[in-house]
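Heads up: the structure comes next, in structure tokens.
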Amino acid sequence: EPEVTQTPSHQVTQMGQEVILRCVPISNHLYFYWYRQILGQKVEFLVSFYNNEISEKSEIFDDQFSVERPDGSNFTLKIRSTKLEDSAMYFCASSGQGMRPQHFGDGTRLSIL
Amino acid sequence: EDQVTQSPEALRLQEGESSSLNCSYTVSGLRGLFWYRQDPGKGPEFLFTLYSAGEEKEKERLKATLTKKESFLHITAPKPEDSATYLCAVQASSNTGKLIFGQGTTLQVKP
């Protein structure tokens with residue numbers, strides 16, 4: 001069964017450093033998303049991406065965040081200057097057309113020191 | 001403001017003891033309500049989509065129902081392997097795919 005894959009599974013970074021989280025969505029999906037989950041809290045929407053453009057972003061997704069689909073398979077989330085409060089589990093998800101359900105990867109645990 | 005609230009936060013059942021999880025929502029036009037299962041250290045795993053009040057979906061021991069204000073996930077004769085956190089999420093008609101999640105119900109089924 002096709003699945004969303006994320007790398008790395010765990011990233012430890014010093015505060016102020018740049019980090020790139022990588023995702024390979026399901027191959028025939030067209031819509032891509034990033035969510036995050038701070039320990040003990042709800043899963044929160046960050047950004048949605050379709051047709052090489054951001055279609056919606058949350059208040060969390062400020063100028064420090066960016067997304068890119070550099071080729072036909074990868075989808076990345078970059079945080080330019082990490083803060084302690086960026087420590088969380090980051091999930092990538094993808095979906096097909098219309099109201100198809102989103103399928104999630106197993107996440108990258110980001111720890112900011 | 002769009003919002004999802006799940007109850008209870010935690011539920012302990014004996015194997016075979018049926019129960020229901022609740023998901024209450026307020027949203028500006030519902031496009032869909034989704035149930036996911038999340039195991040520790042894993043991403044949410046899709047279970048069901050419900051689109052309109054009165055709709056029901058079933059999968060093994062799980063059955064999801066939807067009204068205009070809430071959804072229930074009924075678990076019939078649960079087994080220990082059903083232990084997980086169950087997440088409810090809604091997609092509003094005003095946005096572009098964004099899911100709004102509840103905080104989840106952590107289910108523990110004891111043998």
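These values consider heavy atoms only, across backbone and side chains, with no hydrogens, waters or symmetry-generated copies. Predicted model, so just to flag it, every value in this text is computed and none were measured. In what follows, every chain begins at residue 1, and chains take the letters A, B, ... in the order their sequences are listed.
Checked against the 6.0 Å centroid threshold, A:Phe104 and B:Tyr36 count as a close aromatic pair.
Within the 4.5 angstrom heavy-atom criterion, no atom of B:Glu45 approaches chain A. With a threshold of 4.5 angstrom between heavy atoms, A:Tyr50 does not approach chain B through any atom at all. When heavy atoms are compared at a cutoff of 4.5 Å, A:Ser55 approaches chain B by way of both its backbone and its side chain. Using a 4.5 Å cut-off between heavy atoms, A:Gln41 makes no contact with chain B at all.
Taking CD of B:Gln91 as the reference point, atom CD of A:Gln102 lies at 6.0 Å (rounded to 0.5 Å). Of the inter-residue distances, the one linking B:Leu99 atom CG with A:Ser48 atom OG reads 10.0 Å to the nearest 0.5 angstrom. In this structure, the separation between NZ on A:Lys42 and CD1 on B:Ile100 is 9.0 Å, given to the nearest 0.5 Å.
Pairs passing the disulfide bond (SG atoms under 2.5 Å apart) check and including a residue from residues 17-73 of chain B, sequence neighbours excluded, read B:Cys23-B:Cys88.
In the hydrophobic clustering of this structure, A:Leu21 does not group with A:Met89; members are Ile, Leu, Val, Met, Phe, Trp, Tyr whose side-chain heavy atoms approach within less than 4.5 Å, directly or through other members. Hydrophobic clustering (ILVMFWY, side-chain heavy atoms < 4.5 Å, transitive): B:Val4 and A:Leu46 are in distinct clusters. Each of A:Phe49 and A:Tyr33 belongs to its own hydrophobic cluster when Ile, Leu, Val, Met, Phe, Trp and Tyr are linked at side-chain heavy-atom distances under 4.5 angstrom. Note: the hydrophobic cluster containing A:Leu110 does not contain A:Ile38 (ILVMFWY, side chain heavy atoms under 4.5 Å, direct or indirect links). A:Val19 and A:Val24 are assigned to two separate hydrophobic clusters, defined by single-linkage of ILVMFWY side chains at heavy-atom distances under 4.5 Å.
Shown here is A:Glu59, whose CD atom has no more than 12 heavy atoms of other residues, nucleotides or ligands within 6.0 Å. Shown here is A:Arg109, whose CZ atom has no more than 12 heavy atoms of other residues, nucleotides or ligands within 6.0 Å. In this structure, A:Asp63 places its CG atom where only 12 or fewer heavy-atom neighbours from other residues, nucleotides or ligands lie under 6.0 Å away. Other residues, nucleotides and ligands place more than 12 heavy atoms under 6.0 Å from the CZ atom of A:Arg80. The local environment of CG in A:Leu84 is crowded, with over 12 non-hydrogen atoms from other residues, nucleotides or ligands closer than 6.0 Å.
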Just do the ring pair (Phe, Tyr, Trp, His ring centres under 6.0 Å) check on B:Phe101 and A:Phe45 with the steps written out, would you? CA-CA 9 Å; B:Phe101 280 86; A:Phe45 169 80; over 10 Å; no
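Heavy-atom neighbours of chain A within the stretch residues 53-62 of chain B, taken at a separation under 4.5 angstrom, are nonexistent. Heavy-atom neighbours of chain A within the stretch residues 72-86 of chain B, taken at a separation under 4.5 angstrom, are nonexistent.
Using modelled atom types, no side-chain atom of A:Asp106 and backbone atom of B:Lys42 make a donor-acceptor pair closer than 3.5 Å.
Applying the under-4.5 Å side-chain rule to Ile, Leu, Val, Met, Phe, Trp and Tyr, the cluster around A:Val12 extends to A:Leu113.
Contact between A:Tyr35 and B:Gly97 at its shortest, heavy atoms only, is OH-O, 3.9 Å.
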